[in-house]
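So the structure is just underneath, and the comments pick up after that.
Fair warning: this is a prediction, and the values are worked out from it, not measured in the lab.
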Amino acid sequence: MSMSTNKILSHIGRWARAFVAAREANVAITFAIATIPIIGAVGAAIDYSHANSIKAALQSALDSTGLMLSRDAASLTNTQLQSKAQSYFTAMFTRPEAKNVTVTANYNASSGSQVLLNASASLDTNFVGILGYKTITVTASSTAKWGSTRLRVGLVLDNTGSMADDGKMDALKTATKNLLTQLKNAASQNGDVYVSIIPFAKDVNVGSTNATQTWVDSSFWLTSFLNKLLCGLSLNLVCFQQKWNGCVMDRGDSNGPNSNNYDQNVAEPKTSIQATLFAAEQESGCPTQMKGLSYDWDAMKTLVDNMSPGGNTNQPIGLIWGWQSLVGGAGLTAPAMDPNYQYQQIIILMSDGLNTENRWSNKQSTIDKRMYDPSNGSGTCANIKAAGITLYMVQVNTGGDPTSTLMQNCASSADKFYELKNANDLITTFNAIGTNLTKLRVAR
């Protein structure tokens, strides 16, 4: 549109300069001639304003079309994409005075998914036609981008005994499966969204098939009298590999957390440093086996269906394995990050109670301090946030417990802590978190 306007104004300028330079003819004729550029100038302003209005409507319809197309553009052929773009745009661009309207759409996934749109339209002029410009052409362009930010989400889910009360486990299963569907739908291609699931109680379950791995420490398991009964009193490494149920405790020394705080970080396990290894335990309340980062949505939903409540609460061990799942190692795989994308790493911890037991203590304040120490801002939560990971904390408080200041302090910001008084509120809360994680961004 700017080129046409410039030509019109230039034409008017030439008329005006010619009029000023003229020195002959009578006054009436001179006045009549003078009205032509004056009318042209006024008319150009009116036509220009009208064209601007058309352009604004064109841009708005194009932006909306891009958002609509982004839902399924990756699965459409070029012909289908163009057809849908035309259909959406026509429904939203309602300016009958615009003529020769065209819209084109192109999908590109080289650096995140995006739809590139261009539109043009022409309108008849009302005034500047006397200067020889019968129409003005307006154009607009828009880019709907999504997927340039990829998601990696660790779901750390309370599977303790109290989850059997007040419909909490059923609500958690429904909420989690709904969230998985949301995250699946946010991915235009495999790998755009990865999710891990870490059920926790006092321990976590890394899977008994890892019994031979060097990062598993079997020494504690092999000292248990109850495990001797499992082995027919022949307690040895072979029996461990056959009978272990996959549960591991917090990392550290047997008499307490190591001075290097391995229970609060994801330092690489080393066989030369026993405190870095994950100590196996035959915990009776061993939760469902965890699953590392994946986009096998059906398998994850099956895992969720298999969760069952049992055991005491140790939020720190759930958090540390949620973090471990995002970085990989210790039996978990974290695919390499593509430099063409930005990555958002999230941990969502859901728990219905206060900490009651870890490897060394059943005193809440002691366990809480390992997770977050308000006196110096240290602990597992502080380390996770320092690593650039966003923490959502969801407390399901149906039993009248105090609001968890620990979970409030651990959340990345005040709006990322939720206290729910009703189990079914988990469904709407997980939905709200999922919606926040999968928002689209429109860029012009």
- line: Between S234 and C239 the two heavy atoms that sit nearest each other are O-CB, 3.9 Å

task: Using atom types as modelled and distance alone, determine if a side-chain donor or acceptor of R359 lies under 3.5 Å from a backbone N or O of D250.
output: yes

task: Start with the C-alpha distance between T390 and S412, add both sets of side-chain angles, then the distance that settles side chain to side chain donor-acceptor pair (under 3.5 Å), and finish with yes or no.
output: CA-CA 6 Å; T390 301; S412 288; 4.8 Å; no

- prompt: Is the closest side-chain heavy-atom distance between I348 and I433 below 4.5 Å?
  reply: yes

query: Can you tell me if T288 and N306 form a side-chain donor-acceptor pair at under 3.5 Å?
result: no

- request: Please tell me if the side chains of D425 and N422 come closer than 4.5 Å, counting only heavy atoms from C-beta onward.
  value: yes

query: Can a donor-acceptor pair be found between the side chains of Q364 and T356 at a distance below 3.5 Å?
result: no

From CA spacing to verdict: side chain to side chain donor-acceptor pair (under 3.5 Å), Q182, T435: CA-CA 8 Å; Q182 272 186 288; T435 299; 3.3 Å; yes

message: Treating N210 as the side-chain partner and V206 as the backbone partner, does any N or O pair qualify as donor plus acceptor under 3.5 Å?
response: yes

- request: Taking the side chain as every heavy atom from C-beta outward, state whether M163 and N159 have any pair of such atoms under 4.5 Å apart.
  value: no

- prompt: Side chains of D63 and Q59: do they bring a donor and an acceptor to under 3.5 Å?
  reply: yes

message: Surrounding CD of Q274 (heavy atoms of other residues, nucleotides or ligands, distance under 6.0 Å), is the total greater than 12?
response: no

Atom pair CG/CG of L157 and L349 - distance to nearest 0.5 Å: 8.5 Å

message: Testing the basics here: between T313 and L354, what is the closest heavy-atom pair and its distance to 0.1 Å?
response: CB-O, 3.5 Å

field: Pair N245, S208: side-chain N/O donor-acceptor within cut-off below 3.5 Å
entry: no

message: Can you see whether D368 engages N355 through a side-chain donor-acceptor pair at a distance of less than 3.5 angstrom?
response: yes

- request: Measure the spacing between NZ of K168 and CG of D170 and express it to the nearest 0.5 Å.
  value: 12.0 Å

- prompt: Judged by modelled atom types alone, do T214 and T271 share a side-chain donor-acceptor pair under 3.5 Å?
  reply: no

- prompt: Donor-acceptor pair, N436 side chain versus A432 backbone, under 3.5 Å?
  reply: no

message: Could you work out, with ring pair (Phe, Tyr, Trp, His ring centres under 6.0 Å) as the rule, every residue matching Y194, not counting sequence neighbours?
response: Y295

message: Walk me through whether Q344 and T149 qualify under side chain to side chain donor-acceptor pair (under 3.5 Å).
response: CA-CA 7 Å; Q344 215 178 32; T149 297; over 6 Å; no

Rounded distance [0.5 Å steps], CG in L69 versus OG in S142: 10.0 Å

Within 6.0 Å of NZ in K301, more than 12 heavy atoms from elsewhere: yes

message: If you count every heavy atom of other residues, nucleotides or ligands that lies below 6.0 Å from N78 atom CG, does the total exceed 12?
response: no

- prompt: Would you find a donor on one side and an acceptor on the other, under 3.5 Å apart, between the side chain of T160 and the backbone of A201?
  reply: no

task: Flag the pair R150 / V193 as yes when at least one side-chain heavy-atom distance between them is below 4.5 Å, and no otherwise.
output: no

- request: Flag the pair P257 / W360 as yes when at least one side-chain heavy-atom distance between them is below 4.5 Å, and no otherwise.
  value: yes

query: N312 and E357: side chain to side chain donor-acceptor pair (under 3.5 Å), yes or no, with the steps?
result: CA-CA 6 Å; N312 291 329; E357 184 181 10; 2.6 Å; yes

- request: Compute whether any side-chain donor of one residue and acceptor of the other, for Q282 and W221, lie under 3.5 angstrom apart.
  value: yes

statement: To the nearest 0.5 Å, atom CG of L172 lies from atom CG of L179 at 10.5 Å

message: Enumerate the salt bridge (Lys or Arg N to Asp or Glu O under 4.0 Å) contacts for residues 279-289, please, sequence neighbours excluded, ordered by first and then second residue.
response: K202-E281

- prompt: Just by modelled atom types, is the Q395 backbone N or O under 3.5 Å from a matching donor or acceptor in the E419 side chain?
  reply: no

message: Is it the case that the side chain of T181 and the backbone of K177 share a donor-acceptor pair, with hydrogens and angles ignored and the cut-off at 3.5 Å?
response: yes

message: I need the full list of salt bridge (Lys or Arg N to Asp or Glu O under 4.0 Å) pairs touching residues 252-265, with sequence neighbours left out, sorted by first then second residue.
response: D263-R370

- request: Mark yes or no for whether S64, through its side chain, and S60, through its backbone, hold a donor-acceptor pair below 3.5 Å.
  value: yes

field: Atom pair CG/CG of L155 and L303 - distance to nearest 0.5 Å
entry: 10.0 Å

message: Under a 3.5 Å distance rule, please check whether N100 uses its side chain to pair with a backbone N or O of S122 as donor and acceptor.
response: no

query: Does any N or O in the side chain of N260 come within less than 3.5 Å of the main-chain N or O of Y262, such that one atom is a donor and the other an acceptor?
result: no

message: Does K363, at its NZ atom, have more than 12 non-hydrogen atoms belonging to other residues, nucleotides or ligands within less than 6.0 Å?
response: no

- prompt: Does a side chain donor of either D124 or T135 reach within less than 3.5 Å of an acceptor in the other side chain?
  reply: no

message: For K173, give me all partners under side chain to side chain contact (heavy atoms under 4.5 Å, CB included), at least two apart in sequence or on another chain.
response: M169, V304, M307

message: Which label fits F93 and F89: parallel for a plane angle under 30°, tilted from 30 to 60°, or perpendicular past 60°?
response: parallel

task: Provide the closest heavy-atom pair for A171 versus I427 in the form atom of the first, atom of the second, distance.
output: O-CG1, 4.1 Å

message: Taking G353's backbone N and O only, do any of them form a donor-acceptor pair with Q315's side chain (distance below 3.5 Å, no angle check)?
response: yes

- request: Return each pair, listed once, that meets disulfide bond (SG atoms under 2.5 Å apart) where at least one residue sits in residues 305-394; pairs must be two or more places apart or across chains.
  value: C381-C410

message: Rounded at 0.5 Å granularity, tell me how far NE2 in H50 sits from NZ in K55.
response: 14.5 Å

Donor-acceptor contacts, no H, no angles, side chain residues 318-334, under 3.5 Å, sequence neighbours left out:
unit_1 : atom_1 : unit_2 : atom_2 : d
Q324   : NE2    : G328   : O      : 2.7
S325   : OG     : S196   : OG     : 2.7
S325   : OG     : G322   : O      : 2.6

